[in-house]
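Just so it is clear, the structure is predicted and the values come from calculations on it, not from any experiment. The chains referred to below are lettered A, B, ... by the order of the sequence lines, with proteins before strands, and numbering in each begins at 1. When reading the values below, keep in mind they use all heavy atoms of this one structure, side chains included, and skip hydrogens, waters and symmetry mates.
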Amino acid sequence: MKHMTESAWIRWLLICLALFFLGLFLILPLVAVFMEAFKQGSEMFMAAILDEETFAAVKLTLLVALVSVPLNVTFGVAAAWAIAKFTFRGKNILLTLIDLPFAVSPVIAGLIFVLLFGSQGVAYPWLEAHDIKIIFAVPGIILATTFVTFPFVARELIPIMEAQGKDEEEAAVSLGASGWKTFFRVTLPNVKWGLLYGVILCNARAMGEFGAVSVVSGHIRGMTNTLPLHVEILYNEYQFAAAFSVATLLAALALVTLILKSIIEWKTQRKEELP
Amino acid sequence: MKRKTSRSSGFLPGFGLTMGYTIIYLSLLVLIPLSVLFLKASTMSWEAFIGTILDERVLSSIRVSVVTSFFAACMNAVFGVLVAWVLARYQFVGKRFIDGIVDLPFALPTAVGGIALTSIYAENGWIGQFAAEWGIKIAYTPLGIWVALTFIGLPFVVRTVQPVLQDWDLQMEEAAATLGATRWNTFFRVILPHLLPAVLTGFALAFARALGEYGSVVFISGNMPHKTEIVPLLIMTKLEQFDYAGATAIATVMLVASFVMLLIINYLQWRINKFDAAR
């Protein structure tokens, strides 16, 4: 039918315009990371990657993700079970509260933990009496990271579990299965891709978080430096090649995340939705 | 919250356990820490609070943040619709790759995005040198902040508009075409009004994210007070000077603004869902 689509050259123009925009704002920065990293040769690159402080930063980044991701997975599963399988008053308020950390600036996310546990903080006298350090130490980094990645798993699971209803679970329970057995044998297999999707996004943010962690970390080299903070320190010391070399590790993480995400989307033919 | 009486006839176990855990975890990690901010702000005198906020430097940073975030979200709205349209309607080589790469700003740590954009848009960078020939400085000016905020907000509009276009019922377009409307008219009179709630949601999400963004902006902005200092950076600076009261006051204003944005976004999404259900 006439006028149902655009003429070929307009289509071509629109595609080119979109690709130009994405090239300028997405592809170019990604390419720049790798180009800048190898600007002074592969030896400099390897030296930056194999540096002791880089190694310490990798270890801390993995540790932070290893604690905060499982915490948020446990919460996400519990919240999704309560919200998707039951009806109760105040559900919308609860959903909005779960979204809160997405609306809060990362810097404020760090600030609130400084106000709680920092040297002028509410809980500081008690912490000092028990010789516990949270701010400018690893626990603070874990807390801030867990805060900013809080909604990821829950937000993925809730719509999927709501869409699946509760017939299968009710059948399992009425046939005598326990609650745990029902969850592991019936619910979990149904939502495994959605759960994995949430875990991947949560992990990417946990390893890459900068603002919130920057506030609580104190930037102590080899001690409280995560990978993104290490990139910042190197960059601010004008060690650009080294900064971009370490940044390639994070860029690689981002690419793996995107590939896994695409595979899951392809596997489940799910529609795109907001993170 | 634990009102067993009002839950539906279901007999699934575990409501008490999962709901209890949800409430406790949410309170410990999110609600109590956030309320400490308001508690701390409430210990300030009203004059001190207002004095902090009305400080010249604070007002400048608010202006810089709001203006750059607004124009970045506008850029994202226009090009987000374009990218979503191209991905939903056309076939071309590399489409799957492009579809995947749109989410890069969510996956790439903001600090990495920040230094990469700075190297490109600095005066000796790939794009910066061409702009410099025209006498335009991008990095270390508000223009640089706008570039970084456009980068991090890019996926929002695409990902809100794309599903609407994919679930689209072509009948309305057919009707418009049958009645003799040109494609141009159909797009602006039929398609765009229908997309508007999704575009607005994406715009609001991108704007809200841009207001709070820190990592990708600090490297490219140059951080000059009154000129290229954004609100999150000013909070950071106050903290480094151990001015906790000042940081708290600014953060409180920002947090309230974020809550308002969140309510607007939720309302817009509720509108879209209602709209979808009605169709």
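- The line from CH2 of Trp81(A) to OG1 of Thr22(B) is 12.5 Å long, rounded to the nearest 0.5 Å.
- Your options are Tyr90(B), Trp85(B), Tyr244(B), and the one with the most heavy-atom pairs under 4.5 Å with chain A is Tyr90(B).
- The two residues Val30(B) and Pro101(A) come nearest to each other via the heavy atoms CG2-CG, 3.9 Å.
- Using a 4.5 Å cut-off on side-chain heavy atoms (C-beta onward), Leu71(A) and Tyr25(B) make contact.
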Evaluation steps, side-chain contact (heavy atoms from CB on, under 4.5 Å), between Val231(B) and Val107(A):
CA-CA 10 Å; Val231(B) 180; Val107(A) 173; over 6 Å; no

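- Under the side chain to side chain contact (heavy atoms under 4.5 Å, CB included) test applied with Pro29(A), the options Val147(B), Ile120(B), Leu104(B) reduce to a single match, Ile120(B).
- Here Asp99(A) contributes atom CG and Gln269(B) contributes atom CD; the two are 8.0 Å apart, rounded to the nearest 0.5 Å.
- For a residue to count as touching a neighbouring chain, one of its non-hydrogen atoms must lie under 4.5 Å from one of that chain's; by this rule Leu143(A) touches chain B with backbone and side chain alike.
- Formation of a donor-acceptor pair under 3.5 Å by the Thr257(A) side chain with backbone atoms of Ala107(B) is not found in this model.
- Proximity of Met19(B) to Phe86(A): side-chain heavy atoms (C-beta onward) are nowhere separated by under 4.5 Å.
- Side-chain contact between Phe15(B) and Lys85(A): absent, with no pair of heavy atoms (C-beta onward) separated by less than 4.5 Å.
- A distance of 3.5 Å separates NZ of Lys261(A) from CG of Asp103(B), quoted to the nearest 0.5 Å.
- Val256(A) does not touch chain B: none of its heavy atoms, backbone or side chain, sits under 4.5 Å away.
- Residue Arg205(A) does not touch chain B at all, counting heavy-atom pairs closer than 4.5 Å.
- Not less than 6.0 angstrom separates the ring centroid of Phe151(B) from the ring centroid of Phe25(A).
- Taking chain B as the reference chain and counting heavy-atom pairs below 4.5 Å, the highest number among Val215(A), Leu115(A), Val173(A), Asn236(A) is found for Leu115(A).
- Using a 4.5 Å cut-off between heavy atoms, Asn72(A) touches chain B through backbone and side chain atoms alike.
- For the set Ala109(A), Ala32(A), Ala204(A), the entry with the most heavy-atom pairs within less than 4.5 Å of chain B is Ala32(A).
- Residues Phe240(A) and Ser119(B) have side chains not in contact (no heavy-atom distance under 4.5 Å, counting atoms from C-beta outward).
- When each of Glu209(A), Arg11(A), Glu36(A) is scored by its heavy-atom pairs under 4.5 Å with chain B, the top score falls to Arg11(A).
- Interface remark: Thr74(A) contributes backbone and side-chain atoms alike to the contact with chain B (heavy atom separation under 4.5 Å).
- The structure places CG of Leu255(B) at 9.5 Å from OG of Ser105(A), a figure rounded to the nearest 0.5 Å.
- To the nearest 0.5 Å, atoms CD1 (Ile101(B)) and CD1 (Ile27(A)) are separated by 4.5 Å.
- Both the backbone and the side chain of Ser174(A) come within less than 4.5 Å of a heavy atom in chain B.
- Looking at every heavy atom in both residues, Ala78(A) comes nearest to Thr18(B) through O-CB, 3.3 Å.
- For Met207(A), no part lies near chain B; criterion is any non-hydrogen pair under 4.5 Å.
- The two atoms that bring Ala251(B) and Ile108(A) nearest to each other are O-CD1, 3.6 Å, heavy atoms only.
- When all heavy atoms of Thr118(B) and Tyr235(A) are compared, the pair lying nearest together is CG2-OH, 3.4 Å.
- Top candidate by heavy-atom pairs under 4.5 Å with chain B, chosen from Val231(A), Leu30(A), Ile15(A), is Ile15(A).
- Separating the CG atom in Leu29(B) from the CG atom in Leu100(A) is a distance of 11.5 Å, to the nearest 0.5 Å.
- Contacts between Phe150(A) and chain B at a heavy-atom distance below 4.5 Å involve the side chain alone, from C-beta outward.
- With a 4.5 Å cut-off on non-hydrogen atoms, Leu14(A) touches chain B through its backbone and its side chain both.
- In this structure, chain B has heavy atoms under 4.5 Å from both the backbone and the side chain of Thr96(A).
- Between chain B and the options Gly179(A), Ser7(A), Ala79(A), the largest number of non-hydrogen pairs under 4.5 Å is found for Ala79(A).
- When every heavy atom of Leu108(B) is checked against every heavy atom of Ala251(A), the shortest pair comes out as CD1-CA, 3.7 Å.
- Between Leu250(A) and Pro109(B), the shortest heavy-atom contact is CB-CG, 3.7 Å.
- Looking at heavy atoms from C-beta onward, Leu37(B) lies in side-chain contact with Ile112(A) at the 4.5 angstrom threshold.
- The aromatic rings of Phe79(B) and Phe21(A) lie parallel to each other, with less than 30° between the two planes, well short of the 60° mark.
- Environment of NZ in Lys95(B): crowded, with over 12 heavy atoms of neighbouring residues, nucleotides or ligands closer than 6.0 Å.
- Taking chain A as the reference chain and counting heavy-atom pairs below 4.5 Å, the highest number among Phe92(B), Phe242(B), Tyr121(B), Trp126(B) is found for Trp126(B).
- The most heavy-atom pairs under 4.5 Å with chain B, out of Ile10(A), Ile83(A), Thr146(A), Val122(A), come from Thr146(A).
- When ring centroids are compared, Tyr214(B) and Phe210(A) come within the 6.0 Å threshold.
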